[in-house]
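Quick notes on the structure that follows.
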Protein chains: 2
Amino acid sequence: MLQEDFSFVSHDCGDCPIRHRAVCARCETDELERLEEIKYYRSFEAGQTVVWSGDRMDFVGSVVSGIATLTQTMEDGRTQMVGLLLPSDFVGRPGREGAAYDVVATSDLVMCCFRKKPFEQMMETTPHIAQRLLQMTLDELDAAREWMLVLGRKTAREKIASLLAIIGRRDASINSLSIQEKIVFDLPLTREAMADYLGLTLETVSRQISALKREGIIELQGKRHVTVPDFSRLLEEAGDDSDGGLLV
Amino acid sequence: MLQEDFSFVSHDCGDCPIRHRAVCARCETDELERLEEIKYYRSFEAGQTVVWSGDRMDFVGSVVSGIATLTQTMEDGRTQMVGLLLPSDFVGRPGREGAAYDVVATSDLVMCCFRKKPFEQMMETTPHIAQRLLQMTLDELDAAREWMLVLGRKTAREKIASLLAIIGRRDASINSLSIQEKIVFDLPLTREAMADYLGLTLETVSRQISALKREGIIELQGKRHVTVPDFSRLLEEAGDDSDGGLLV
DNA sequence: TGGGAGGGTTGATCTGGGTCAATGCGCCGT
DNA sequence: ACGGCGCATTGACCCAGATCAACCCTCCCA
């Protein structure tokens with residue numbers, strides 16, 4: 001899981017709070033300075049598209065605040081979300097020209113970016129950056145494959161439970177809460193976005209959430225605010241053998 | 001697509017024919033020698049398991065000949081294939097202890113392995129190896145995400161067509177044939193394995209293959225030998241907007 | 001103060017693909 | 001030449017989830 005690979009302690013990488021530490025954890029001071037030089041911020045409003053699939057993408061970076069999604073769309077409009085970007089997540093592919101997916105802000109979003117060319121040059125001269133990036137990419141790959149199991153073999157109910165578990169765990173660990181007991185969080189996605197993530201329709205998502213609520217597995221305050229009184233029960237519903245999903 | 005990132009020309013990396021070129025394309029002679037030193041071969045029979053998920057995995061390597069699959073299994077037996085390893089594909093995660101998935105040989109299999117520790121040490125001192133590995137991992141990540149669209153949003157028929165297209169394209173490019181015209185290849189998987197890949201049952205796989213055959217999209221000689229008279233028609237059936245899938 | 005847009009819920013019905021079950025191969029060993 | 005085993009096909013039936021449709025809630029702006 002991403003969070004465990006390095007500490008989330010605050011550090012001195014300007015005002016982008018978390019993840020660049022991942023890239024530069026072992027950097028010397030002058031390397032940090034070089035990163036500072038090629039760093040800049042971009043803000044987006046909820047609903048805005050960061051990049052379209054196929055567009056030239058001349059930066060890499062990470063989410064400072066807000067949520068973004070990675071989606072693929074077929075010509076007939078069917079869409080599949082392939083990744084959820086939460087604060088501290090990295091976006092972009094060193095060594096690639098175009099974006100492979102649509103990146104869309106689902107809330108107001110601030111990203112901390114590095115121009116790609118100089119970032120790539122740094123990578124070449126600073127081996128542990130490439131290694132750190134390799135670790136992160138392997139994590140993402142594991143998450144994507146975990147999600148393939150969800151998409152290919154789980155029932156609607158299990159899919160919903162899996163998604164709630166992932167978001168809940170992720171939220172809990174960001175706020176460094178223990179995961180054994182009650183968990184509270186806000187859903188960062190509309191029912192439709194959840195459906196796109198899970199390969200379902202929004203109606204099915206809504207029905208299954210209602211069912212989980214009816215059965216006391218979750219409690220809802222409003223449409224988005226979720227309380228999970230017993231996390232292990234949610235995990236059971238998710239059909240998770242391991243102690244939980246990896247995605248994002 | 002993997003194949004385009006480097007040339008598939010034969011080279012001097014011992015008798016493992018292809019992919020290590022990927023790892024060592026820019027290696028100096030002495031680096032190649034160091035790779036030689038930590039290299040060894042392993043053979044498996046069809047059906048044998050290479051590693052179980054969770055096992056300690058102390059090597060990385062690539063497939064020399066034969067086919068292997070990467071699968072995940074839930075406690076109740078539902079399984080999802082998350083990757084297909086064809087000759088030249090890389091397996092293993094530098095910097096990781098255990099295997100994340102079951103790796104199973106579906107045919108007789110020869111792998112060329114490197115002991116992980118020394119390989120990791122080489123990575124640290126030879127930056128372009130980490131970079132090359134990063135590229136390969138990004139390719140795999142793209143492939144996995146492409147497959148998420150297949151699993152989440154495509155119909156059974158589209159799933160089958162997508163799989164045939166991927167295998168066909170891959171086969172054609174290995175034999176360096178053009179892809180525009182007739183394509184002929186052997187299915188490396190049983191119906192059941194195809195089902196596990198596609199998130200279907202083997203009955204549905206069988207029915208859809210029969211349907212594609214009935215309609216002349218594909219021809220079958222025996223159960224496994226496939227002829228695709230018009231590849232673009234197959235791609236249409238796959239619902240592929242892009243010029244085709246990436247997976248594996 | 002009202003209406004309309006964006007989300008969300010719920011019901012009725014339909015259907016693609018799952019499930020269960022029978023049958024059909026080839027191939028191998030004796 | 002004969003069973004038996006692993007794989008594949010095909011049919012009959014069923015059900016989870018899609019589809020279509022009505023309606024609700026809440027926030028925003030005229």
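Keep in mind that what you see is a predicted model, and the values were worked out from it rather than measured.
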### Message
The criterion is side chain to side chain donor-acceptor pair (under 3.5 Å); which residues satisfy it with B:S206, sequence neighbours excluded?
### Response
none
### Task
Name all residues meeting the side chain to side chain donor-acceptor pair (under 3.5 Å) criterion together with B:T106; count only those two or more places apart in sequence or in a different chain, and write none if there are none.
none
### Query
Which nucleotide span of DNA chain D, 5' end to 3' end, has atoms closer than 4.0 Å to non-hydrogen atoms of chain B?
D:dA8 to D:dA12
### Task
For residues 50-74 of chain B, pull every pair meeting salt bridge (charged side-chain N to carboxylate O under 4.0 Å, His left out), keeping only residues two or more places apart or in separate chains.
B:R56-B:E97
## Note on the structure
To the nearest 10 degrees, the angle between the two end axes of the helix from C:dT1-D:dA30 to C:dT30-D:dA1 (five pairs per end) comes to 30°
### Query
What pairs with A:R233 under side-chain contact (heavy atoms from CB on, under 4.5 Å), at least two apart in sequence or on another chain?
A:I217, A:D230
### Task
Go through residues 202-210 of chain B and report each residue with a non-hydrogen atom lying under 4.0 Å from DNA chain D, sorted by number.
B:L202, B:E203, B:S206, B:R207, B:S210
### Query
Looking at residues at least two apart in the chain, or sitting in another chain, which of them share a side-chain contact (heavy atoms from CB on, under 4.5 Å) with A:R207?
A:E203
### Test side chain to side chain donor-acceptor pair (under 3.5 Å) applied to B:S162 - qualifying residues, sequence neighbours left out
B:K154
### Task
Using the test side-chain contact (heavy atoms from CB on, under 4.5 Å), find all partners of A:T155 that sit at least two apart in sequence or belong to another chain.
A:R157, A:E158, B:R78
#### Entry: Set of side chain to side chain donor-acceptor pair (under 3.5 Å) partners for B:T227, sequence neighbours left out
B:Q221
### Message
Using the side-chain contact (heavy atoms from CB on, under 4.5 Å) criterion, which residues pair with B:R214? Sequence neighbours excluded.
### Response
B:S210, B:A211
